[in-house]
Amino acid sequence: LARVASLYFPLLAIVMDAFPKLYKGGETGTAWGTFNQYPGGGEGAANGAGAGSNGKPAAGGTGDGSTALARRLAVLSGSGTLQGANKGEKEEKEQLLSAECTRNLLVCFLWTLKHVEPELLATWWQSMSLSRLMTLLDVLTLCVACFEYRGIRALQMASGVGSTASDVQTRLAETIMGVGSARAMMMKRRMMGDNIRDTGRRWGITHRKETTKSQQENRAAADIELDAQVEANLATECSMVVLDTLENLVTTLQRNDSLHTLLAKVLTVLLQFLSHHQSTQALANIFATQRALIFKFPELLFEEEIEQCGELCTALLRHCGSALSSTRSQASGSLYLLMRQNYETAASFARIKVQVTVALSTIVAGVQEHGHSHQPFNPQHLRRSLKTLILYASQDKSMTGTNFPEQVTDLA
């Protein structure tokens with residue numbers, strides 16, 4: 001695979017050159033959809049790939065994703081940059097890739113990053129300029145948003161399978177009232193003077209139609225369940241590739257003059273991870289990478305990137321209120337190590353105290369105002385996580401003899 005990946009190595013630079021033309025669902029207000037939901041077609045998230053909010057094809061969208069992809073790659077490989085970028089805003093919109101083309105490109109991008117030789121990647125990174133490295137991190141950030149796992153419910157809504165609450169209530173009311181039932185139809189035909197044999201034959205046709213419809217719904221539900229499993233595996237694999245790339249990039253460029261600027265961008269990618277839905281396996285590795293980054297470079301949060309420190313505290317607190325015990329454990333560990341690292345750096349974690357207080361107020365205010373938050377949040381689960389923080393502080397032998405456990409208890 002390494003030899004095959006080396007053949008596709010130029011694709012990495014091509015995707016980075018094409019980054020301004022890639023589809024970005026969050027900027028247009030439309031969803032990404034699922035990768036395996038539209039095999040070989042040009043249909044998008046809700047109304048088709050590259051479809052806008054009005055259901056019409058967006059600029060640059062096409063019914064044949066492979067044709068559009070080939071045309072874009074031909075333009076890029078010829079000049080190394082997108083031609084006609086300065087020909088006006090209208091022409092720029094016409095060159096935008098559709099959602100499906102973007103996803104296909106990003107999948108190839110991540111596959112090449114995973115299987116290419118590490119030495120080749122390290123040499124390439126060391127020869128890149130700061131702006132080029134930032135573009136690479138921008139592409140990785142887009143990968144995080146593109147391959148977010150949205151769950152089986154989102155797949156059911158996109159395909160129209162599954163009954164809503166209103167549909168169930170309507171069917172229940174019709175059953176109770178006898179409306180539309182086979183008995184009601186038979187009585188109606190008798191009153192109209194239909195032959196009994198003809199009535200039975202029509203009832204049999206209706207019964208077969210209902211049976212066929214039920215079988216089709218069962219097959220569609222099974223297909224959606226399979227799609228959900230494939231989507232979960234794809235999302236987890238893409239997340240792991242991005243995390244490995246971030247770790248290797250930081251290790252390779254430790255002596256680079258622009259390391260601190262890159263670290264801030266790497267932290268931005270991690271925050272992007274924590275703001276999207278992830279599988280439990282991916283979350284465990286995301287938290288591990290975040291802890292390692294803060295442990296190696298504590299000044300990144302406590303001296304330079306103050307705003308990102310607050311965002312990180314907010315993301316950790318959201319996951320501390322998760323319904324999954326494994327996620328709460330990982331988030332509590334990350335938050336505790338953040339407090340401890342701040343205490344060891346400045347002999348107190350007053351900054352983290354302020355950020356945690358502000359973050360908690362923001363989360364609670366958002367839940368009260370909208371009735372929900374971006375991530376599933378439960379105050380009772382948050383209380384359990386805070387008790388876990390107290391337990392960590394009381395059992396941390398390295399902090400014995402300091403007032404750190406007392407400060408953690410007061411905060412919790």
Side-chain angles (χ1 to χ4, degrees), residues 106 109-110 113-116 118 121-122 125 133-134 136-149 232-256 258-302 304-305 307-320 322 324 326-342 344-345 352 355 359 375 385 392:
L106 293 180
F109 182 85
L110 293 176
L113 281 178
K114 177 181 178 180
H115 294 288
V116 76
L121 274 179
W125 289 338
L133 290 170
M134 298 294 281
L136 172 63
L137 293 174
D138 285 335
V139 176
L140 294 178
T141 305
L142 182 59
C143 291
V144 174
C146 178
F147 299 105
E148 175 188 14
Y149 175 61
N233 293 333
L234 175 64
T236 302
E237 181 67 18
C238 291
S239 298
M240 301 298 288
V241 173
V242 173
L243 286 175
D244 290 342
T245 303
L246 292 178
E247 294 178 358
N248 294 334
L249 182 63
V250 172
T251 302
T252 302
L253 303 177
Q254 280 187 353
R255 297 182 180 181
N256 195 297
S258 57
L259 176 63
H260 289 286
T261 305
L262 292 174
L263 288 177
K265 190 67 175 180
V266 170
L267 184 58
T268 301
V269 181
L270 292 177
L271 291 174
Q272 181 84 345
F273 268 120
L274 296 176
S275 65
H276 288 76
H277 297 288
Q278 306 290 342
S279 64
T280 54
Q281 180 183 357
L283 269 179
N285 290 274
I286 292 169
F287 284 125
T289 302
Q290 173 262 316
R291 290 192 292 264
L293 183 67
I294 302 304
F295 181 79
K296 291 181 179 180
F297 310 100
E299 68 280 357
L300 177 64
L301 277 182
F302 307 133
E304 299 176 4
E305 301 298 330
E307 183 178 353
Q308 288 186 333
C309 180
E311 294 177 2
L312 179 59
C313 291
T314 302
L316 293 179
L317 280 176
R318 289 188 188 277
H319 286 86
C320 283
S322 172
L324 299 177
S326 58
T327 300
R328 293 199 304 270
S329 177
Q330 292 286 342
S332 300
S334 293
L335 185 58
Y336 174 76
L337 290 179
L338 193 63
M339 296 177 178
R340 174 178 165 179
Q341 196 71 28
N342 190 201
E344 292 176 348
T345 303
I352 297 299
Q355 297 291 351
Q375 299 287 350
S385 299
Y392 285 159

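Note: hydrogens, waters and symmetry copies are ignored here, and every other heavy atom, side chains too, is used.
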Exercise for the section: Taking the side chain as every heavy atom from C-beta outward, state whether Val242 and Phe147 have any pair of such atoms under 4.5 Å apart. Expected result: no

Exercise for the section: To the nearest 0.5 Å, tell me how far Asp244 CG sits from Leu249 CG. Expected result: 12.5 Å

Practice task
Flag the pair Lys265 / Asp138 as yes when at least one side-chain heavy-atom distance between them is below 4.5 Å, and no otherwise.
Solution key: yes

Completion exercise
Interatomic distance, SG@Cys238 vs CG@Asn233, rounded to 0.5 Å, equals 10.5 Å

Completion exercise
In terms of heavy-atom contacts, Cys309 and Gln355 come closest through SG-CG, 4.2 Å

Handout entry: Residues that Gln290 engages under side chain to side chain contact (heavy atoms under 4.5 Å, CB included), provided they are two or more places apart
Key = Leu270, Phe287, Ile294, Leu312, Leu316, Ser334

Fill in the blank from the handout: In Leu337, Leu335, Asn342, the residue satisfying side-chain contact (heavy atoms from CB on, under 4.5 Å) with Met339 is Leu335

Exercise for the section: For Gln281, check side chain to side chain donor-acceptor pair (under 3.5 Å) against everything at least two apart and list the hits. Expected result: none

Exercise for the section: Identify the heavy atoms of Cys313 and Ala359 that sit nearest to each other, and give their distance. Expected result: C-CB, 4.1 Å

Exercise for the section: Answer with yes or no whether the side chains of Thr236 and Ser279 bring together a donor and an acceptor at under 3.5 Å. Expected result: yes

Exercise for the section: Find out whether Val144 and Gln278 are in side-chain contact, i.e. whether some heavy atom of one side chain is under 4.5 Å from a heavy atom of the other. Expected result: yes

Practice task
Over all heavy atoms of both residues, which pair between Leu137 and Leu262 is shortest? Give the atoms and the distance, please.
Solution key: CD1-O, 4.0 Å

Problem - Exercise: identify the closest heavy-atom pair between Leu140 and Leu113 - result: CD2-CD1, 4.1 Å

Problem - salt bridge (Lys or Arg N to Asp or Glu O under 4.0 Å) partners for Glu237, two or more places apart - result: Lys114

Problem - Rounded distance [0.5 Å steps], CD in Gln330 versus CG in Leu324 - result: 11.5 Å

Practice task
Would you mind reporting whether Trp125 and Asn248 have side-chain heavy atoms less than 4.5 Å apart?
Solution key: yes

Practice task
Locate the shortest heavy-atom distance separating Ala315 from Leu274; write the atom from each residue and the value.
Solution key: CB-CB, 3.8 Å

Handout entry: Gap between atom CZ of Phe273 and atom OG1 of Thr268 - 0.5 Å precision
Key = 12.5 Å

Practice task
Could you tell me the separation between the CG atom of Leu300 and the CG atom of Leu263, rounded to the nearest 0.5 Å?
Solution key: 5.5 Å

Practice task
Grab the two heavy atoms, one from Ala145 and one from Gln272, that are nearest each other, plus how far apart they are.
Solution key: CB-NE2, 3.7 Å

Problem - Partners meeting side chain to side chain donor-acceptor pair (under 3.5 Å) with Asn256 (sequence neighbours left out) - result: Ser258

Problem - Under the side chain to side chain donor-acceptor pair (under 3.5 Å) test, residues paired with Tyr336 that sit two or more places apart - result: Asp396

Exercise for the section: Apply side-chain contact (heavy atoms from CB on, under 4.5 Å) to the pair Leu246 and Leu293, showing each step before the final yes or no. Expected result: CA-CA 10 Å; Leu246 292 178; Leu293 183 67; over 6 Å; no

Problem - Separation of Arg340 CZ from Ile352 CD1 (nearest 0.5 Å) - result: 14.5 Å

Practice task
Check step by step if side-chain contact (heavy atoms from CB on, under 4.5 Å) holds for Leu283 and His319.
Solution key: CA-CA 10 Å; Leu283 269 179; His319 286 86; 3.9 Å; yes

Problem - Any residue meeting side chain to side chain donor-acceptor pair (under 3.5 Å) with Thr252, in chain and number order, not counting sequence neighbours - result: none

